[in-house]
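Contents: one structure, followed by commentary.
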Amino acid sequence: MKGWHGRILRVDLDSGRTWEETLDAKTAKEFIGGRGFGIRYLLKEADPKGDPFCGKNPLIMMAGPLTGTGAPTGARYMVTTLSPLTGAITCSNSGGMFPAELRKAGWDGIIFQGKASSPVYLWVDGNKVELRDATAIWGKTTNETDDLLRAETHPQARVCCIGPAGERLVRFAAIMNDKHRAAGRSGVGAVMGSKNLKAIVVRGTGKVPLHDPKAFKEINAKLMRKFKDTYKDSPPPLRVHGTAVTVMATQNYGVFPTRNFQSGSFEGWEAIHGETLTRTFLVGHRACFACPISCGRVTRVEEPPFEGEGEGPEYETIYALGSDCGIDNLAAITKANYICNELGLDTISMGSTIACAMELSERGYLPEKDVGRKLRFGDAQALVELTRMTGYREGFGDVLAEGSLRMATNYGHPELAMVAKGQDFAGYEPRGEQGMGLAYATSPIGASHMRGDPAYFELLGVPCNVDPLTWKDKPPVVAKWQDLFCIIDSAGLCVFYSVRNLIKPELMAPPVGIMELLNAATGAHYTLQELEKAGERIFNAERLFLVRAGFSRKDDTLPPRMLKEPLPEGPGKGMVCHLEEMLEDYYKVRGWDQDGIPTREKLEELGLLELDPSGPREK
Amino acid sequence: MEVRVRLFANFRELGRLKGGGQGSVVIPDGANVERLLVELGLPPDAPKVVLVNGRNAPLTLVLNDGDDVAIFPPVEGG
């Protein structure tokens with residue numbers, strides 16, 4: 001095999017045994033890698049109705065065939081497992097340097113099963129694999145863990161680890177790598193913590209074998225020339241201002257979520273905008289492996305009491321810890337971001353959960369004595385303190401650690417949790433961005449902007465402008481982009497680069513550039529149709545897993561605020577999200593029945609019947 | 001007629017608009033978005049998003065007195 005190593009590292013934490021498993025070429029081509037491999041193993045090995053924290057739940061980490069090859073932004077890996085936040089599948093993606101290092105060490109991925117009896121970490125030094133005692137580093141922050149483990153293994157090793165939040169099973173704990181990069185969403189860090197697995201440390205000095213190195217190099221050179229030409233007048237805005245620059249876009253469209261999604265316009269937006277970040281706290285920018293964009297923000301805050309240094313904030317973090325909490329204090333947002341990174345927390349769910357608590361409190365549903373303070377929107381000090389308390393499950397932090405839906409349900413108002421399938425919304429208001437509403441509702445992992453991101457065509461003009469306020473035209477496009485993201489996430493690429501440079505600039509987004517790279521790397525001779533089919537296969541495989549976990553149309557929904565309360569201001573004033581109308585057409589486009597279950601014909605067409613031997617399923 | 005223009009990110013420096021990329025611009029009656037871009041001196045082939053009163057606007061859209069125009073380069077929010 002080329003492109004793929006065809007080697008998966010298996011680790012049984014019950015027995016401490018590690019072994020190599022080979023991957024066949026047919027499966028590799030059909031599921032591509034990364035996210036595709038993740039769901040393929042999850043379908044085979046996990047109990048869809050199982051407890052995310054039981055030993056049987058596999059923790060699957062998979063890179064893609066382009067990860068570590070030098071393909072532009074080929075830096076990413078996917079963590080797939082049962083989510084303690086949503087109760088179903090999750091997959092969470094990260095870049096940085098760790099995934100490429102894993103591939104240079106000769107592995108496509110690692111699957112953990114079982115639970116260690118005491119804290120351990122995995123040391124992968126090329127082919128040499130060893131489980132080591134991690135008792136001494138249990139309790140350390142992610143920064144400390146990274147430093148300590150590189151000192152204990154190799155200074156150039158790459159570390160992915162959990163912080164105190166993952167150890168304490170915070171339901172939205174992240175897995176951090178290279179200190180500041182996060183597989184952030186749906187509690188993958190808590191699953192890692194439940195296995196007593198503190199970290200994975202990798203050192204790789206090899207190369208990924210390529211099918212046609214000359215052709216691969218030529219494609220890369222061509223892509224780099226195009227990239228340089230595009231930005232000949234000025235550097236990419238993402239490098240200059242980071243993703244935080246998107247604040248002005250969502251604010252102008254009136255979809256910048258504000259005060260727990262009570263509005264899409266935030267009066268304090270300029271204070272927390274990316275250009276403000278550039279002027280105030282920015283120290284430098286940092287790129288993931290083989291990335292020409294370099295959007296990472298290296299920042300330092302010197303304003304007391306929010307001093308600190310690290311990376312961030314990203315746009316999503318600014319929405320969640322900022323406007324959604326009614327906070328226009330960029331120093332406090334950045335400080336809370338640092339705490340999330342060090343303790344290993346998803347910034348999106350952290351902010352959204354605090355925003356939910358603020359609304360519960362303001363409406364009189366959350367007693368002051370439970371929180372220990374009067375909680376109001378805009379309280380920057382509370383934001384920072386509650387973030388730290390959540391990571392350690394201290395005081396009211398123990399309630400926040402259960403996530404917004406569980407918390408709001410406990411206080412009798414589940415409708416105030418801004419979630420789909422139990423996972424908090426990203427930074428786009430679905431009433432002012434109809435396609436995003438459909439994407440949140442039908443994303444397999446619960447609300448996410450990274451499962452087919454309609455913001456590209458609804459807000460950002462990529463590959464063309466589609467009105468964010470229309471809904472009848474959205475189902476086929478959203479479905480197509482969901483499949484496209486399956487391909488990007490499975491190949492090991494970054495969305496930011498891929499959608500602007502590796503698809504044909506048409507609304508239905510044919511992934512021609514990804515196909516070229518994959519074929520040169522793997523020699524798998526994908527046709528465009530085969531590659532698009534693989535994307536659809538992966539999305540349907542995830543759906544199949546959800547169906548087996550008991551999910552159906554009733555779960556493809558949004559909070560009543562999105563469906564019944566008109567957006568109060570901005571360009572989308574008066575709009576609700578027309579989800580039900582979109583779902584009807586969406587299921588037809590997907591080849592699913594009225595209840596959102598993939599038909600037998602669809603599964604057969606995608607070659608998924610063999611992965612679904614269970615026959616008739618519960619509804 | 002006069003429209004209100006706000007330029008963001010690198011367009012602040014690229015565009016011919018004093019006052020940090022924000023201000024009023026006088027254009028002939030009946031001018032469209034494309035004409036405004038020329039007036040602002042923005043590179044015609046640079047990828048950009050143009051919003052008029054918060055809605056996506058094609059280059060051919062005819063502007064009205066008092067319109068609010070926001071123009072920004074390619075961004076994304078991860």
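Here is the naming used below: chain letters follow the sequence lines, and residue numbers restart at 1 for every chain.
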Query raised in the report: At a heavy-atom separation under 4.5 Å, does A:Tyr319 approach chain B through its side chain, its backbone, both, or neither?
Result: neither
**Report entry** Contact class of A:Ala455 relative to chain B, heavy atoms under 4.5 angstrom
**Finding:** neither
Query raised in the report: Taking atom types as modelled, is there a side-chain donor on B:Asn32 or B:Thr60 under 3.5 Å from an acceptor on the other?
Result: no
Report summary line: Comparing B:Pro74, B:Pro58, B:Pro73 against chain A, the one with the most heavy-atom pairs below 4.5 Å turns out to be B:Pro74
Query raised in the report: Which bit of A:Pro468 is near chain B, if near means a heavy-atom gap under 4.5 Å: side chain, backbone, both or neither?
Result: side chain
Query - Structural part of B:Ala9 lying under 4.5 Å from a heavy atom of chain A - result: both
Query raised in the report: Between A:Thr250 and A:Tyr315, is any side-chain donor less than 3.5 angstrom from a side-chain acceptor?
Result: yes
**Report entry** Structural part of A:Leu469 lying under 4.5 Å from a heavy atom of chain B
**Finding:** side chain
Report summary line: If one checks every heavy atom of A:Val466 against chain B at 4.5 Å, the contacting part turns out to be backbone
Requested in this report: Among B:Leu17, B:Leu7, B:Val49, find the one that has a side chain to side chain contact (heavy atoms under 4.5 Å, CB included) with B:Ile71.
Outcome: B:Leu7
Report task. Assess whether atom NZ of A:Lys573 is packed by more than 12 heavy atoms of other residues, nucleotides or ligands within 6.0 Å. Result -> no
Query raised in the report: What residue in A:Glu458, A:His241, A:Met248 has the most heavy-atom pairs under 4.5 Å with chain B?
Result: A:Met248
Query - Salt-bridge contact B:Arg35-B:Glu39 (side-chain N to carboxylate O under 4.0 Å) - result: yes
Query raised in the report: Quick one: do the A:Asp467 and A:Thr470 side chains pair a donor with an acceptor below 3.5 Å?
Result: no
